[in-house]
Amino acid sequence: MNPEAPKPCNPEAPYKTYLSENELPAAWYNLRADMKKKPAPLLNPATKKPVTAAELEQVFCRECVKQELDDTTPYIPIPQPVLDFYKMYRPSPLIRAYFLEKSLGTPAKIYYKFEGNNTSGSHKLNSAIAQAYYAKEQGLTDVTTETGAGQWGTALSMASAFFGLNCHVYMVKCSYEQKPFRREVMRTYGADVTPSPSLTTEIGKKINAEHPGTTGSLGCAISEAVEAQSKLPNARYLLGSVLSQVCLHQSIIGLETQAALKKLGVKPDVIIGCAGGGSNLAGLIAPFMGEKLRGEADYRFIAVEPASCPSLTRGVYAYDYCDTGRVCPLQKMYTLGSSFIPSASHAGGLRYHGMSSMLSELYDQKLMEARSVKQTEVFEAATLFARTEGTLPAPESSHAIRVAIDEALRCKKEGKSETIVFGLTGTGYFDMVGYGKFNDGQMGDYIPTDADLAAGLATLPTV
Ligand SMILES: *Cc1c(COP(=O)(O)O)cnc(C)c1O
């Protein structure tokens, strides 16, 4: 007997499109190089003058500063040790959401780029490993950082363990309490984790005194991590979002997506991502936005943010502090004001008052749309996605799912078979307190009033 080899099941309609390791992009794409009007420069908070590399290097790693200030070099080579690390979990798959499409009865084609296939559970590892590498190259021994939902802290703990750095994490208090297992993952990778605002820093003590019982925010945690960095002998501070260098590292998501779609012969119509500080979205859309800026193709881009923290849809475009303690450089961005502390929603990674300066500028030039969505609608979308596509999505990622579904339903109504691509930034295994509230029908939709927002905006600096 020589039985016939089984045939591939359905080669014409792939579910997952993987690039091979050899197709992993060898350089990051710096979208700023193709922007005619560049993001406004970072300012020194004391002098209100454009910040110099020397000033930034007191807080950030030298090579990261170079990337932060470079808005002209289109491609920046990925160092070999970073590429080698990437190969452990990249390229990540682009997946066709056939079952979600079917349950919606939509003629739209939905694809998602899945970044949850690593222990940190999100895209954040893409920048963590790059920043940790540059810290090590510079001869540093310690790095400090903040974490909201915990994904960035986990990613940086992994990256620090890989390169032998001591990692100190300030974790937003409400996440620290909601997600004790996250803390243990970080400690397993060797990091120490402090709930923020803490009593271990001057700024933490001040915030605790001014807002007794506060559950914290990314803005507070950033200030604490920056202060901690300045007190250690051989340390720098690493930030997981917002900065242009982080958007640069995340361009690996978009470059892979572009290559995979090219392989499939598919041109997307709409590209959607959730936006906290904006790094995954900036990375996902970068090469496509580049085509749009160069006049080679046209796409719609949609940033999705929580209604509880609506920096693009209800904020103002102005210079603001990146952190509550006002120690970081001033950045021109869509912001709710650095003193705005969003309600304790279950999408910790989206609880940030500002937005990447690059995305802010693109939004201001009307090259990108923005939408805000309510928490309960997000968890409805997350539940449908989990039940149809199998993957349990992070609440942050589920903001993008919500709008992808809404766009697919619009296509159904209009009888259009558009192609929708969204970023599935991570998995939600550590978000079960949020899922539990939703399952028990006890989840609320806190939306700040105009008066709440006015209070935050009143604290904008005059520049
Ligand atoms: C941190 C995080 C986000 C938001 O960060 P961006 O910088 O806006 O990309 C989104 N999804 C997940 C899973 C995250 O961990």
Side-chain angles (χ1 to χ4, degrees), residues 92 112-128 131 145-158 169 171-172 175 179 182 185-186 217-218 221-222 238-254 272-286 301-306 309-312 322 331 333-334 342 345-360 363 368 370 372-373 378 382 385 391-403 422-431 434:
S92 72
Y112 58 95
K113 179 72 168 164
F114 182 47
E115 290 292 318
N117 257 334
N118 68 77
T119 295
S120 82
S122 82
H123 64 286
K124 297 228 168 56
L125 196 54
N126 301 333
S127 185
Q131 295 191 45
T145 199
E146 81 297 331
T147 196
Q151 282 96 330
W152 169 248
T154 309
L156 193 63
S157 303
M158 293 171 71
V169 181
M171 184 170 189
V172 176
S175 292
K179 301 177 182 187
R182 272 271 174 218
V185 176
M186 288 185 256
S217 71
L218 275 177
I222 293 173
L238 310 185
L239 179 56
S241 181
V242 190
L243 295 176
S244 297
Q245 56 179 286
V246 184
C247 298
L248 171 75
H249 304 149
Q250 296 298 353
S251 69
I252 191 88
I253 304 172
I272 301 166
C274 61
S279 71
N280 88 84
L281 176 64
L284 173 66
I285 70 175
F301 303 102
I302 308 177
V304 190
E305 56 185 15
C309 193
S311 40
L312 287 170
C322 290
Q331 176 167 292
M333 59 183 172
Y334 275 85
S345 86
H346 293 285
L350 305 183
R351 294 178 76 236
Y352 183 66
H353 65 275
M355 186 57 61
S356 135
S357 61
M358 198 167 85
L359 285 185
S360 293
Y363 179 64
M368 180 181 85
S372 71
V373 290
V378 166
F385 187 82
T391 297
L392 180 78
E396 292 87 351
S397 322
S398 305
H399 287 67
I401 299 176
R402 174 73 264 168
V403 170
F422 73 89
L424 187 68
T425 49
T427 45
Y429 302 117
F430 290 104
D431 299 286

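Every value quoted in this text rests on a predicted model; they were computed, and no experiment measured them. Index from 1, following the sequence. Quick note: numbers below take in every heavy atom, side chains included, and nothing from hydrogens, waters or symmetry partners. In each ligand, atom 1 is the first atom listed, and ligand 1 is the first ligand listed.
Listed for the Ser398 side chain is no donor-acceptor partner under 3.5 Å among the backbone atoms of Ala382. With Lys113 contributing its side chain and Gly254 its backbone, the two residues share no donor-acceptor pair below 3.5 Å.
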Run the side-chain hydrogen bond (donor to acceptor under 3.5 Å, both in side chains) check on Arg351 and Ser217 step by step: do they pass?
CA-CA 7 Å; Arg351 294 178 76 236; Ser217 71; over 6 Å; no

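In this structure, Ser279 and Gly240 approach most closely via the heavy-atom pair OG-O, 4.0 Å.
The side-chain contact (heavy atoms from CB on, under 4.5 Å) with Asn280 is formed by just one residue from the set Thr425, Ile285, Asn126; it is Thr425.
Side-chain contact between Thr145 and Gln131 is absent, with no heavy-atom pair separated by less than 4.5 Å.
Listed as neighbours of ligand 1 are Ser122, His123, Lys124, Gln151, Ser241, Cys274, Ala275, Gly276, Gly277, Gly278, Ser279, Asn280, Gly349, Leu350, Ala394, Glu396, Ser397, Thr425, Gly426, each bearing a heavy atom under 4.0 Å from the ligand.
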